[in-house]
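Taking it in order: structure first as structure tokens, then the write-up.
Lettering of chains follows the sequences in order, A, B, ..., and the numbering in each one begins at 1. Since this is a predicted model, take the numbers as computed values, not measurements.
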Amino acid sequence: MEKYDFKAVEQKWQDKWEKEKPFKAIDFHPTKPKYYVLYEFPNISGSLHMGHLKGTIPADALARYKRLKGYNVLFPIGGDSFGLPAENAAIKTGINPRKFVENGSKTIFGQFKKLGLSFDWDRTFNTSDEDYYKWTQWIFLQFFKHGKAYKKKGVVNFCPNCKTVLSNEDSQGGKCDRCGGDVRQEERWVWFLKMKEYSEKLLDNVDRIQMAESLKEAQRNWIGKSEGMQVRFDIFSDNGEKVGNMEIFTTCIETIYGITFVVLAPEHDLVEVLKSNIKNFDEVLAYKEKTALRSEFDRLSDQKEKTGCKLEGVYAVNPVNNTKVPVFLADFVLANYGTGAVMAVPTHDQRDFEFAQAFGIPMIQVIEGDCSKHAVEKKEYLAKNSKMLNSAEFSGLPVKEAKEKIAQKVIAMGVGQKKINYRMQDWSFNRQRYWGEPFPIVFCDHCGTVAVDEKDLPVTLPETNDYLPNANGDSPLSKVADWVNCKCPKCGRPARRETDTMPNWAGSSWYWLRYVDPHNDKALADFEKLKYWGSVDCYTGGTEHITRHVLYSFFWQNFLYEIGAVPTRDPFIRKMGSGLILDDQGKKMSKSSKNGASPLEVIEKYGVDVARLHVHFLGGYEDNTPWTYDGITGITSFLDKVWALQDMVKGDAVSKEHIYELNRLIKKVSEDLEDLKLNTAISAFMIFVKKVRDDGFITKEELRQFLILLNSLAPHITSEEYEVVFGKELLDDKWPEYDEKFLVEDVVPLPIQVNGKLSKVISVSRNITQDELLVEIEKQYPEIYSKGKVLKKMIYVPGRIANLIF
RNA sequence: GCUGGUGUGGCGGAAUGGCAGACGCACAGGACUUAAAAUCCUGAGUUCGCAAGGACGUGUGGGUUCGACUCCCACCACCAGCACCA
């Protein structure tokens with residue numbers, strides 16, 4: 001046996017894979033079934049980190065396993081390359097972000113190759129490649145043409161320092177992600193995609209996909225479906241003249257007799273309508289302005305202090321009992337949810353309670369409970385099914401019954417109907433940035449907003465060296481005059497291009513479709529190829545942006561499916577969120593972590609196969625696991641033993657000594673690979689190796705099967721050893737199958753319990769009857785059972801356990 | 001606050017109604033060695049006991065069951081997501 005030189009061997013196989021491309025996915029393979037494994041493509045921003053390692057290698061193991069199982073596997077990789085890292089670098093250096101992406105992707109893909117990942121490299125692209133973003137633009141055009149993209153003024157997060165609009169994510173805590181300065185709310189033109197329309201379809205998608213419950217719940221939360229009623233309240237001026245009406249949304253119609261005021265969001269249109277009737281309009285306007293200036297963050301941070309402003313001179317009327325109630329403006333009511341107006345029942349809603357206390361508004365209790373210190377809310381009174389109070393003919397009824405009856409009454413009166421609301425908003429889709437897909441949209445004084453002709457796609461980014469927005473916060477592209485000025489595609493007169501670009505999310509919302517046919521210049525991908533590869537069978541990646549990324553992906557593919565551009569509605573069948581590798585503080589590992597190890601260091605020192613097994617062995621794929629070098633020697637010594645197996649070969653066929661262990665190993669490893677439970681798979685391998693070493697031999701056939709089983713986890717050493725022993729290529733071989741009849745042994749250890757507690761373990765034939773078992777127990781352990789003793793009961797599960805109750 | 005998830009030796013973790021702690025690390029003892037490293041063998045949840053053997057033990061308290069880490073109820077802690085969503 002030659003000493004195992006991991007550096008040389010790993011390099012040898014990686015070179016071979018690069019040259020011979022054994023992992024190439026074959027379109028329309030005549031015999032093999034397809035399997036699509038996807039790893040969430042990396043952001044092109046820096047160098048390989050532990051997160052990549054934790055995410056890629058289980059996907060690679062699955063892909064390799066499925067190939068050996070006889071599947072035609074598509075396992076592609078690319079780069080998510082539009083976005084902030086490249087843009088920021090460009091601002092700093094003045095060099096085109098394209099350069100940054102070129103270098104960055106070379107680096108990260110090179111490092112991926114060092115991991116020995118079995119990607120089909122012929123399908124690789126970056127989202128900022130022109131022939132990729134051509135199709136991102138094409139998809140936007142379809143949204144636009146089908147009326148699902150529109151431009152409208154909206155209030156957005158704006159950083160006055162960077163002069164750019166920020167997403168909620170980029171402005172967390174009210175601070176700009178880029179400069180750390182305060183973020184303001186500003187009204188700007190915003191492109192929206194009509195995602196809200198897809199709420200129900202997205203909920204269906206969430207139900208269908210295989211994914212951890214916590215992740216599904218986060219997505220349902222984000223969509224935020226809530227069922228309730230919309231009810232109309234008429235508004236009167238103080239002299240009794242009807243001057244308007246307002247629609248409110250409530251999920252608690254049962255509390256309608258407890259209303260003591262109603263509230264409008266400060267931005268609500270009704271304020272303008274009622275202007276002439278509002279006596280304190282100056283005050284109202286001042287309140288509106290004050291809240292408009294406060295950032296979203298401020299509005300949330302002092303949520304304990306309720307602020308508001310009464311509309312003097314008008315009142316609303318509760319339709320069920322004609323009670324007059326005051327109308328307030330308050331910023332705890334959000335303009336963009338429901339109708340932007342609520343009925344307030346301080347006894348049964350904590351926010352209303354606090355507001356009523358602050359403004360000295362009376363309260364009426366309509367459901368049992370103690371409302372003196374805080375509101376008795378829905379959750380509590382519904383759980384107890386409390387009784388109604390002070391609610392006319394509904395008083396005394398259980399709340400669940402009253403809820404339905406009051407709803408019927410309101411509907412019968414013609415002032416309300418059942419209504420479903422969603423928290424999710426339409427997707428704000430433009431950024432004032434250079435490094436993104438330009439919108440294929442032109443503004444013409446005569447024709448308005450016009451789509452660029454599809455044959456003129458892509459609309460490419462112009463060269464510039466100025467990557468900062470202008471003083472008004474317009475995109476850097478607005479400074480490139482000869483790009484902005486163009487001809488109207490419709491009438492040919494001078495027109496101007498849209499200068500905003502799409503968000504980073506755009507390119508990642510359909511990329512798995514492009515892998516199917518990455519060089520197609522006629523369509524985003526060939527329809528028949530899309531049909532062949534279908535949905536992604538297993539999609540792995542980090543959990544950082546998983547909620548939005550998955551929902552955006554569902555949304556785009558739903559739309560593309562509906563317009564007939566793709567043959568499947570579901571992008572993914574199964575989505576796994578990889579856990580984090582934590583540092584010694586229990587935090588996500590970063591460069592500042594004290595024990596922050598780089599995967600490249602580990603590979604340099606121990607080799608890729610060791611690094612892979614070690615990371616798998618740290619814990620489950622979806623679990624967060626602390627990084628440690630502790631235990632890595634267990635892996636190196638295991639692989640040393642695997643390498644040494646070649647010197648222990650005696651005999652050819654599977655031996656009777658190992659037939660059960662080998663069959664169990666095949667079953668265990670196959671199941672664990674399907675579930676990505678790789679830590680327990682490795683332990684099964686260790687147990688098998690220990691058995692073989694105890695017996696002092698392994699047969700040729702046993703070694704062959706063993707190496708194939710281990711190949712997807714430790715591809716280099718197994719490929720090499722297979723070649724050394726068998727003189728052939730492991731990849732040409734097939735995954736071994738197990739035989740059920742070798743999974744059960746005839747003689748098994750059977751635990752004997754006495755009154756439910758373990759007493760002894762005896763070795764018996766698997767099929768022994770209860771009577772025979774008792775005889776056996778009496779023979780071996782008369783102190784447990786003998787003929788004279790009276791058994792109250794006996795539980796016997798053959799092969800599992802026996803419990804004797806006296 | 002709401003929602004979801006998790007809680008097991010000194011550590012990473014196994015076991016989803018049937019021998020708790022697989023596998024690995026660290027630890028202890030032994031073999032080999034002039035010695036060390038490496039390697040190999042053995043031991044080990046805690047506790048009482050020389051031992052045989054016993055008691056206790058999966059966050060806490062109850063329950064269901066012949067039998068519970070596993071199922072049910074209440075509580076505690078931690079992690080994640082959302083957060084004035086009417």
Apply ring pair (Phe, Tyr, Trp, His ring centres under 6.0 Å) to A:Phe638 and list each qualifying residue two or more places apart in sequence or on a separate chain. none

With sequence neighbours excluded, residues passing side chain to side chain contact (heavy atoms under 4.5 Å, CB included) with A:Asn767: A:Ser765

Once you apply the 3.5 Å cut-off to both distances, tell me the Watson-Crick or G-U wobble partner of B:rU39, or none. B:rA31

Would you please confirm or rule out a distance under 4.0 Å between OP1 or OP2 of B:rC85 and any side-chain N or O of A:Tyr422? no

Considering only nitrogen or oxygen atoms on both sides, find all protein atoms under 3.5 Å from nucleotides 67-70 of chain B and state each distance.
none

Quick one: salt bridge (Lys or Arg N to Asp or Glu O under 4.0 Å) partners of A:Lys384, sequence neighbours excluded? A:Glu380

From the options B:rC85, B:rC66, B:rC19, select the nucleotide whose nearest atom is closest to the side chain of A:Pro751. B:rC19

Picking from B:rG81, B:rC85, B:rC66, which would you name as closest to the side chain of A:Lys793? B:rC66

Any residue meeting ring pair (Phe, Tyr, Trp, His ring centres under 6.0 Å) with A:His348, in chain and number order, not counting sequence neighbours: A:Tyr381

A:Trp643: ring pair (Phe, Tyr, Trp, His ring centres under 6.0 Å) partners, not counting sequence neighbours: A:Tyr4

Cationic N near anionic O, under 4.0 Å, A:Glu217 to A:Arg220: yes

Taking only residues two or more places apart in sequence, or in another chain, which ones meet A:Ala407 in a side chain to side chain contact (heavy atoms under 4.5 Å, CB included)? A:Met229, A:Ile253, A:Lys418

Sorted by chain and number, sequence neighbours left out, side chain to side chain contact (heavy atoms under 4.5 Å, CB included) with A:Ile805 holds for A:Asn755, A:Lys792, A:Lys793, A:Ile795, A:Asn803

Polar pairs (N or O, both sides) under 3.5 Å between protein and nucleotides 5-15 of chain B?
unit_1: B:rG12; atom_1: O2'; unit_2: A:Leu618; atom_2: O; d: 2.6
unit_1: B:rG13; atom_1: O3'; unit_2: A:Asn679; atom_2: ND2; d: 3.4
unit_1: B:rA14; atom_1: OP1; unit_2: A:Asn679; atom_2: ND2; d: 3.2

Any pair with a residue in residues 610-637 of chain A that passes salt bridge (charged side-chain N to carboxylate O under 4.0 Å, His left out), sequence neighbours left out, goes on the list, sorted by first then second residue, please. A:Asp60-A:Arg612

Starting the side chain at C-beta, find the nucleotide from B:rA86, B:rA22, B:rG18 nearest to A:Ser226. B:rA86

Return a single string for nucleotides 37-48 of chain B, one symbol per nucleotide in 5' to 3' order, where B is base contact, S is sugar-phosphate-only contact and - is none, cutoff 4.0 angstrom on heavy atoms. ---S--------

Looking at residues at least two apart in the chain, or sitting in another chain, which of them share a side chain to side chain contact (heavy atoms under 4.5 Å, CB included) with A:Ala611? A:Val602, A:Ile603

